[in-house]
Amino acid sequence: MAVRVRFAPSPTGQVHIGNIRTAIFNWLFARHEKGEFLLRIEDTDLERSTQDAIDKLMDCMAWLGLDYDGEVMYQSRRSADHVVAATELKAKRFAYDGKPDESGRAPVYFRIPVAGDAGGAIRTVGPAERELDARETVKIAPDGVSFAGLSAKGSPMPMACCLAGVRELKLHAADGTELFDLESNLEAVLNGETFTVAGAAKMTFLRREVFYRDLIKGELSKPLDGVKDQIIVRSDGSPVFHLANVVDDIAQEVTHIIRGDDHVENTYRHILLFHALGAPIPQYGHLPMIVNAAGKPYSKRDGDAFVGDFRTRGFLAEALFNYLALLGWSPGDDREKLSKPEMIAAFTLDRVKSSAAQLDANKLLNLNGLYVAELAPETFVELGWKYFLPVAAELRVDRAEFAPVARFMQSRTKLFTQVAEYRYFFSDDYEFDAKNAPKFLGRPEVRKALLAVAAALDAAKSFAAEEVAAILTAVEAAEGFAHGKLFQPVRLAATGANGGAELDQTLALIGKERVVRRIRRALELFPERTA
RNA sequence: GUCCCUAUCGUCUAGAGGCCUAGGACACCGGGUUUUCAUCCCGGCAACCGGGGUUCGAAUCCCCGUGGGGAUGCCA
């Protein structure tokens, strides 16, 4: 069967890096398997879902090249189907009404299957028992059993579980007499009757567990006596995430569900829902979380982890994509910079790690620099121009002036926001290196030489890079400076910076008049210092 | 509290019982190239969470601790 996966974000706020990483893995998996990558917007939380968030999400996906197949499914338009599914579950006795709220309306609970193996998802582990606090009563109700266990200190610990978790339940008094037998009363309980038993000191039951084989984490299981029945329709009639999610996955005929590992606990229930709804159970793969520099999972509140922010901060989509794909996955060899086709070819879920990964801003930056370096010059100019726009507007620089500077600076630009540092090519209004400018420009012999440089440059017939270099060399010799010793002061005077691209070319790009003017002005700005 | 998951350099990772004296990358520190800075090249620092098993042999398998995360919602 052809692979069909989906990315199902809820459009509340901006997409963060953890969400989009999930999308990337789904996409990679789908493309590798030559299957389909579907998109479903889980916008059932009308309070918090906004069109703006949906637009931003689509924008981020397009930016990263996450193309999806087919039509987008909007979950909010499918509540009728969800409710129908709940009704169907009730008819099959897989669901029941809970206690009505103040307004008299009842929520609907999904009942963990009391009998059967749920299509191979439930297995019997064996007999089990648990000490109880005899001072507390045990309640056996249609929505499960509640009882009080014993804590290490001997105080009562309230606990509850679904009926399915305690098949063959028997309650015993401290002296061993049997107080209650579930099997003989099961039908009554299922039909709505509630029993209360006092004085029980021990419970014995048959332990059963839900299990499945996770594509990433391997076999996972959970004893049913640790699981409670789940509400699937609220008392106001609206479907809950679990129901909607499963019903929509069935509708979209999803074959593999790849999502964050904060969902593993839900999976046990979702599997049972699939089965109860008569649908084949999909394969699951749970991705490790991405944590921030503090080692904590990114939350929607983490302002610095929004995908859009990486874009505005000057990262390239290819670099972010590549970096994120490597968070929790590796191709198995030493490759770290991979193109999308290479990633698609190498991507398999069994190579995904199962422990959390921390985002390393340094490594991302380095990778971005690698991608920037290999951009075609025209592309670099085009992209860089967008980031330079605010500065360009302020300085009245047009694209034709920007282009040669950008081409010249590309190799040393790692992040597009760095194009703002090109400012000194166009404007005399730049910052001087606070430490080195006063130091170098204050030296008497340097000041004298700088004046000579300004004069020589002013008299130059051509201002090509080679000519500039020749002039600098000549003045250095004439003023008694070793070759290269004047470069730093000249750069400080003409650009304010202590380092930068090749000086001759930099000066040539800035232009003769400006350079000469700047050198002379710098000498006025910084006084002579004899010390 | 209970249940589930998880654990290799600071960080991302390779590692499926002998190829491990634990490899690569980022960061960091040296050196070289660059008359500067960055790139680039060379070198260095740096890890199997702890304790028990199993085995001729364990980073790899099992158990117990400990740390981290998740769940325990009429949130998604």
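The basis for the numbers below is simple: all heavy atoms, side chains too, and nothing from hydrogens, waters or symmetry mates. Because the structure is a prediction, the values reported are computed rather than measured. Chain letters run A, B, ... following the sequence lines, proteins first and then strands; every chain starts at 1.
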ask   = B:G73 phosphate, OP1 or OP2: any side-chain N/O from A:K228 under 4.0 angstrom?
value = yes
task = Quick one: pull up CG in A:D248 and CG in A:L38 and give me the separation to the nearest 0.5 Å.
result = 11.5 Å
message = Considering every strand and a 4.0 Å limit on heavy-atom distances, what is the contact class for A:S221: base, sugar-phosphate, or nothing?
response = sugar-phosphate
ask   = Should B:C45 form a Watson-Crick or G-U wobble pair with both distances under 3.5 Å, which nucleotide is its partner?
value = none
remark   = Out of B:C4, B:A76, B:G68, minimum distance to the side chain of A:K296 belongs to B:G68
task = Using a heavy-atom cut-off of under 4.0 Å over every strand shown, decide if A:G499 touches base, sugar-phosphate, or nothing.
result = base
ask   = Checking all strands, does A:K337 fall into the base, sugar-phosphate, or nothing category for heavy-atom contacts under 4.0 angstrom?
value = nothing
task = Remember a base hit wins even if backbone is also touched, and classify A:Q230 as base, sugar-phosphate or nothing at under 4.0 Å, heavy atoms.
result = nothing
task = Quick one: label A:A501 by what it contacts on the DNA or RNA (base, sugar-phosphate, nothing), any heavy atom closer than 4.0 Å.
result = base
request  = Please say whether the positively charged group of A:R443, taken as NZ for Lys or CZ for Arg, lies over the ring of A:F440, i.e. under 6.0 angstrom from the six-membered ring centre and within 45 degrees of the axis.
outcome  = yes
ask   = So among A:R259, A:R6, A:R78, which one has a salt bridge (Lys or Arg N to Asp or Glu O under 4.0 Å) with A:D249?
value = A:R6
inquiry  = Please determine whether a side-chain nitrogen or oxygen atom of A:N266 lies at a distance below 4.0 Å from atom OP1 or OP2 of B:A76.
reply    = no
ask   = Looking across every strand, which nucleic acid part, if any, lies under 4.0 Å from A:L220 by heavy atom: base, sugar-phosphate, or nothing?
value = sugar-phosphate
request  = Verify whether the ring centers belonging to A:F110 and A:Y96 lie closer than 6.0 Å.
outcome  = no
key: Aromatic ring of A:H263 stacked on base six-ring of B:A71, 5.5 Å, 30°   = no
note = B:U39 -> Watson-Crick or G-U wobble partner, both distances under 3.5 Å, gives none
request  = Give one of base, sugar-phosphate or nothing for A:S354, where a contact means two heavy atoms less than 4.0 Å apart.
outcome  = sugar-phosphate
query = With the sugar-phosphate defined as primed atoms, P, OP1 and OP2, and the base as all remaining atoms, what B/S/- string results for nucleotides 8-16 of chain B, 5' to 3', for protein heavy atoms under 4.0 Å?
reply = --BBBSSS-
inquiry  = Any side-chain N or O of A:R234 below 4.0 angstrom from OP1/OP2 of B:A76?
reply    = yes
ask   = With both distances under 3.5 Å as the test, what is the Watson-Crick or G-U wobble partner of B:G1?
value = B:U72
key: Nucleotide nearest A:E265 when distance is taken to its side chain, options B:A76, B:C40, B:C3   = B:C3
inquiry  = What's A:M159 touching, base or sugar-phosphate or nothing? Going by heavy atoms closer than 4.0 Å.
reply    = nothing
Sub-6.0 Å ring centroid separation between A:H242 and A:H270 = yes
